Colleague: 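Pasting a structure here, questions to come.
Note on naming: letters A, B, ... go to the chains in the order of the sequence lines (proteins, then strands), and numbering restarts at 1 for each one. Just so it is clear, the structure is predicted and the values come from calculations on it, not from any experiment.
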Amino acid sequence: MNQPKNSIWVFADYRNYFQNRVTLQLLAKANDLASELDAEVCAVLFGYETDEYMAEYIAHGAHKVLVVEHPSLKQYSVEKYTALMEKFAREYQPEIILIGATSFGKEFAPRVAKCLDTGLTADCIGLEITADGNLLQIAPSFGGNLIAEIITPDHRPQMATVRPGTFKEIPHNDYLRGEVVRLKMPKKMPADRLRLVAYERQPERDQRLEEAKVVVCGGRGMGSKSKFKKIFELAQLLSGEVGATRPIVYAGWAGDDTLIGQAGKHIKPQILFSFGISGAIQHTAALTDADFIIAVNKNPNATMMKMADVAVVADANQVCSALIKALKERIQSKSD
Amino acid sequence: MLKMVVCIKQVPMVSELPWNPKTGTLKRELAEGMMNPACAHALEAALQIKSRHSGNITAITMGPPMAEEVLYEAIAMGADDGILLSDPAMAGGDTYATSYILARTIERQCPNFDLVLCGCFTSDSETSQVGPQLAEELDIPAAAYVEDFEIKGRKVRMQRISDNFLEIMELAMPGLMTITTRSYVPRYPTLGSLDEAFEHQQIKTFKAKDLGLDLKTIGRSGSPTRIINVYSPTAEKKNVVLKGTAKKVVDDILAGYGDKISGVIGKDLKKK
Ligand SMILES: Cc1cc2nc3c(=O)[nH]c(=O)nc-3n(C[C@H](O)[C@H](O)[C@H](O)COP(=O)(O)OP(=O)(O)OC[C@H]3O[C@@H](n4cnc5c(N)ncnc54)[C@H](O)[C@@H]3O)c2cc1C
Ligand SMILES: Nc1ncnc2c1ncn2[C@@H]1O[C@H](COP(=O)(O)O)[C@@H](O)[C@H]1O
């Protein structure tokens with residue numbers, strides 16, 4: 001087989017492996033892009049004793065894993081990782097580098113882009129290849145309800161960050177084959193000017209909202225904090241979880257762990273109830289995996305109504321109350 | 001005496017602005033501006049350091065002329081002076097170009113600075129890229145998403161949560177931090193202090209040429225990324241539309257989808 005001309009790199013963000021699937025999701029997307037570019041997909045991994053991750057990445061579609069292992073890389077270090085990424089990207093000249101938008105990724109990617117004198121698009125919701133072979137970076141933009149298509153025409157590599165949950169991973173496949181390429185830790189590394197003194201793993205963030213089968217999501221159309229309480233009541237009746245839009249979280253009607261969207265959680269419920277939500281792209285970007293959407297809005301032309309399976313043109317607050325009442329009657333009638 | 005620089009962006013007060021479908025641009029002129037929340041937290045952090053260690057704070061903003069409002073606000077809160085970078089040639093730049101301009105300004109106007117503070121993100125673009133890129137431009141160490149810090153000699157000891165880890169780190173000065181909105185709740189400027197800020201003209205305004213910036217390196221021409229298309233998302237589904245009183249639509253929902261809901265939640269929803 002011929003060696004592919006190009007390579008697409010995915011930063012291997014293996015910390016919190018079991019919760020953080022973004023690296024696997026990016027490997028899948030990189031495979032789509034690679035088929036159009038005659039490219040190979042490389043996971044780029046910095047760490048120490050990381051064999052299990054290498055195997056995982058290959059089983060999820062990495063054609064190659066480029067690895068630097070060294071005891072001094074045991075903990076994530078933005079300075080060391082940036083220096084390594086810069087050095088090896090200059091050497092190997094990848095066409096594209098994709099990085100998950102974890103806290104670390106959001107801190108690391110901009111610095112790599114700056115060092116490599118190239119562009120970086122934050123929080124892409126889509127990635128494609130244009131007719132002339134550029135990476136099309138599709139991202140919500142300008143704080144408005146708009147989507148921008150962005151390219152990096154004259155600089156390489158082309159770089160993008162992507163929020164966890166945006167793309168789907170390739171299921172684990174032990175038959176997939178890949179090559180592990182070990183790179184030498186450079187003798188000279190820049191002095192650490194940022195020193196990790198101590199760290200502590202936080203309790204696992206609970207994933208109930210991300211995993212919920214039913215989500216009841218409320219927006220500004222619910223009217224007030226006291227009326228918004230009905231969202232909680234309805235969610236409880238439906239054995240579901242509560243979601244909210246950003247204005248709701250800012251106003252303190254619900255906690256910031258309920259935020260659904262670009263800046264919050266990506267959900268995949270079997271049924272999503274959406275009350276009084278306009279459907280701004282920063283919110284709907286996180287709803288792409290919702291199976292069935294019932295939206296209630298006064299305005300039949302709201303974006304949220306257009307993407308719903310059932311669009312209910314009515315007052316959100318009244319429908320919420322009526323639904324609570326009807327469910328209470330029906331759920332109780334079972335034990336009659 | 002600590003020399004601190006706080007980078008502040010003015011952002012629109014409303015997050016949903018009308019836009020012009022012909023040009024694909026936001027009607028920003030309809031928006032009232034305010035200080036980006038995370039920037040206000042960064043300024044508050046600087047003010048608390050100043051009151052404990054004695055120091056000097058310069059607020060810098062790049063934006064249209066009206067962005068000077070946030071500098072007056074910053075001075076009213078307690079910053080010592082403000083720098084407005086305003087030039088049509090700077091407009092339309094991405095974070096690469098923005099961080100370049102901020103870095104050159106800081107080097108020229110605030111030499112020997114100890115600390116640069118940024119917000120961890122802006123509410124209008126939320127890239128979180130400018131802070132880390134500014135640190136690279138200035139070639140100083142940096143930490144993002146800092147929640148709390150204190151100064152110890154020439155070091156900054158800080159605490160932050162990064163992914164699932166609580167991290168305590170030490171940063172050598174001069175350095176840069178981006179501050180979250182979880183701590184350092186910003187103070188309100190008093191009306192009197194605002195008046196005073198307007199009276200004392202402590203704001204310097206610069207254009208690209210005043211800073212000796214090459215026009216090729218700023219604004220759109222200095223940006224590696226290009227926006228080639230902007231559109232409004234249209235997610236159209238063939239859907240069922242229900243109308244009527246709340247009671248009627250709820251009856252319709254339960255008649256049409258009651259079984260589906262019942263199956264998912266594992267509760268019987270049949271009328272008795
Ligand atoms: C960088 C950035 C990141 C963002 N990230 C997120 C994010 O992660 N998550 C998020 O949600 N938002 C996010 N936003 C904000 C987003 O752009 C929208 O402003 C927000 O989602 C709107 O929330 P909403 O639908 O509740 O409010 P609105 O847009 O005000 O919509 C209210 C809706 O309720 C309807 N309504 C009003 N009264 C009634 C009534 N009585 N009965 C029925 N319907 C009624 C209206 O017709 C309208 O459609 C972000 C914005 C930016 C700039
Ligand atoms: N135009 C600007 N002027 C001054 N500071 C800015 C500007 N844009 C971004 N910043 C700083 O960079 C931080 C992060 O912005 P962003 O990368 O846009 O999310 C902000 O909180 C500011 O501290």
Side-chain angles (χ1 to χ4, degrees), chain A residues 15-16 102-104 106-107 110-111 114-115 118-122 141-153 155 193-202 213-214 238-239 263 270-271 280-281 294 306-315 318-319 322-323 326 330-331 333-334 336, chain B residues 12 15-17 19 26 94-96 99 124-129 132-133 136-137 141 143-145 161-172 224-233 235-237 239-243 246-247 249-250 253-254 257 261 264-265 267-272:
Chain A
R15 199 163 73 158
N16 305 316
T102 56
S103 312
F104 183 80
K106 297 279 291 184
E107 179 174 18
R111 301 185 62 161
K114 193 88 214 193
C115 289
T118 191
L120 171 67
T121 301
S141 88
F142 306 129
N145 192 12
L146 296 176
I147 294 178
E149 293 184 337
I150 297 165
I151 56 170
T152 309
H155 298 71
R193 299 173 297 183
L194 177 68
R195 194 171 67 86
L196 184 63
V197 178
Y199 68 95
E200 195 180 295
R201 192 180 263 282
Q202 296 288 97
K213 287 186 193 164
V214 177
L238 290 166
S239 317
Q270 292 176 26
I271 303 181
I281 181 65
I294 301 178
K306 292 188 181 142
M307 62 183 285
D309 298 272
V310 182
V312 181
V313 188
D315 182 273
Q318 286 175 11
V319 172
L323 192 53
R330 293 183 183 220
I331 292 170
S333 68
K334 194 178 126 192
D336 283 353
Chain B
S15 51
E16 270 180 292
L17 284 178
W19 63 297
L26 279 185
D94 65 11
T95 62
Y96 186 91
S99 55
D124 65 339
S125 73
E126 209 162 279
T127 72
S128 301
Q129 290 175 186
Q133 295 201 318
E136 286 294 342
E137 276 291 348
Y145 304 107
I161 292 174
S162 181
D163 298 320
N164 246 357
F165 293 86
L166 175 73
E167 299 181 327
I168 295 178
M169 303 213 276
E170 230 170 48
L171 178 94
T225 57
R226 285 263 171 291
I227 296 175
I228 54 170
N229 189 17
V230 177
Y231 54 92
S232 185
E236 297 268 344
K237 243 187 199 174
N239 57 13
V240 176
V241 177
L242 301 177
K243 284 182 189 161
K247 174 152 184 343
V249 295
V250 166
I253 291 172
L254 291 175
Y257 312 99
I261 298 170
V264 173
I265 69 174
K267 287 182 189 165
D268 188 5
L269 296 178
K270 288 254 158 34
K271 259 190 170 158
K272 52 179 168 198

Colleague: Mind ranking Glu200(A), Lys213(A), His155(A) by heavy-atom pairs under 4.5 Å with chain B and telling me who comes out on top?
Modeller: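 So the answer, after comparing Glu200(A), Lys213(A), His155(A), is Glu200(A).
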
Colleague: How long is the gap from CD1 on Ile150(A) to CZ on Arg226(B), to the nearest 0.5 Å?
Modeller: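 With rounding to 0.5 Å, CD1 (Ile150(A)) is 11.5 Å from CZ (Arg226(B)).
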
Colleague: Looking at Leu194(A), Val319(A), Leu323(A), which one has more heavy-atom pairs under 4.5 Å with chain B than the rest?
Modeller: Leu194(A)

Colleague: When rounded to the nearest 0.5 angstrom, what is the spacing between CD1 in Ile261(B) and CD1 in Ile294(A)?
Modeller: 4.5 Å

Colleague: Heavy-atom pairs under 4.5 Å with chain A are the metric here; pick the option from Glu137(B), Lys247(B), Met169(B) that has the most.
Modeller: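 Of the options given, most contacts go to Met169(B).
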
Colleague: Who wins among Ala322(A), Ala314(A), Gly119(A) for the most heavy-atom pairs under 4.5 Å with chain B?
Modeller: Ala322(A)

Colleague: Check Phe165(B) against Arg201(A) and note the closest heavy-atom contact, atom names and distance.
Modeller: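 Phe165(B) and Arg201(A) have their closest heavy atoms at CZ-NH2, 3.7 Å.
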
Colleague: Check Thr118(A), Leu120(A), Thr152(A), Ile151(A) against Thr225(B) for a side-chain contact (heavy atoms from CB on, under 4.5 Å) and give me the one that passes.
Modeller: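 Between Thr225(B) and the candidates, side-chain contact (heavy atoms from CB on, under 4.5 Å) is satisfied uniquely by Thr152(A).
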
Colleague: Going by side-chain hydrogen bond (donor to acceptor under 3.5 Å, both in side chains), name the residues that satisfy it together with Lys243(B), two or more places apart in sequence or in a different chain.
Modeller: none

Colleague: Side chain, backbone, both or neither: which part of Ile253(B) has an atom under 4.5 Å from a heavy atom of chain A?
Modeller: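 Contact with chain A involves the side chain of Ile253(B) alone.
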
Colleague: Closest heavy-atom contact between Ser162(B) and Ser103(A)?
Modeller: OG-CB, 3.7 Å

Colleague: Leu254(B), Leu269(B), Asn164(B), Asn239(B): which one forms the most heavy-atom pairs within less than 4.5 Å of chain A?
Modeller: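 Counting heavy-atom pairs under 4.5 Å, the top option is Asn164(B).
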
Colleague: If you count heavy-atom pairs under 4.5 Å between each of Gln202(A), Arg193(A), Glu107(A), Arg195(A) and chain B, which one has the most?
Modeller: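 It is Arg193(A).
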
Colleague: Please report the closest heavy-atom contact between Ser239(A) and Ile265(B), naming both atoms and the distance.
Modeller: OG-O, 4.3 Å

Colleague: Chain A heavy atoms under 4.5 Å from Val249(B): which part of the residue, side chain, backbone, both or neither?
Modeller: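 The answer is the side chain of Val249(B).
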
Colleague: With sequence neighbours left out, what residues match Glu167(B) under salt bridge (Lys or Arg N to Asp or Glu O under 4.0 Å)?
Modeller: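 Checked Glu167(B) against salt bridge (Lys or Arg N to Asp or Glu O under 4.0 Å); matches are Arg15(A), Arg160(B).
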
Colleague: Would you say the side-chain atoms of Gln133(B) pair up with the backbone N or O of Pro110(A), donor to acceptor, closer than 3.5 Å?
Modeller: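 Present.
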
Colleague: Rounded to the nearest 0.5 Å, how far does OG of Ser141(A) lie from CD of Glu126(B)?
Modeller: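 Going from the CD atom of Glu126(B) to the OG atom of Ser141(A) covers 13.0 Å.
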
Colleague: Is Tyr96(B) in contact with chain A via its backbone, its side chain, both, or neither, using a 4.5 Å heavy-atom distance?
Modeller: both

Colleague: Under 4.5 Å from any heavy atom of chain B, what part of Asp315(A) do you find: side chain, backbone, both or neither?
Modeller: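 Interface part for Asp315(A): neither.
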
Colleague: Look only at the side chain of Glu136(B) and the backbone of Lys114(A), and say whether a donor-acceptor pair between them is shorter than 3.5 Å.
Modeller: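 Pair absent, no side-chain N/O of Glu136(B) close to backbone of Lys114(A).
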
Colleague: Output the option from Ile228(B), Thr127(B), Asp163(B) having the highest count of non-hydrogen pairs under 4.5 Å with chain A.
Modeller: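 Looking at each of Ile228(B), Thr127(B), Asp163(B) in turn, Asp163(B) comes out on top.
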
Colleague: Shorter than 4.5 Å, heavy atoms on both sides: which option in Ile161(B), Asp94(B), Val241(B) has the most such pairs with chain A?
Modeller: Val241(B)

Colleague: Got a second to check how far Ile271(A)'s CD1 is from Tyr257(B)'s OH, nearest 0.5 Å?
Modeller: 11.0 Å

Colleague: Do you know which of Asp309(A), Val313(A), Leu196(A) has the most heavy-atom pairs with chain B at a distance under 4.5 angstrom?
Modeller: Asp309(A)

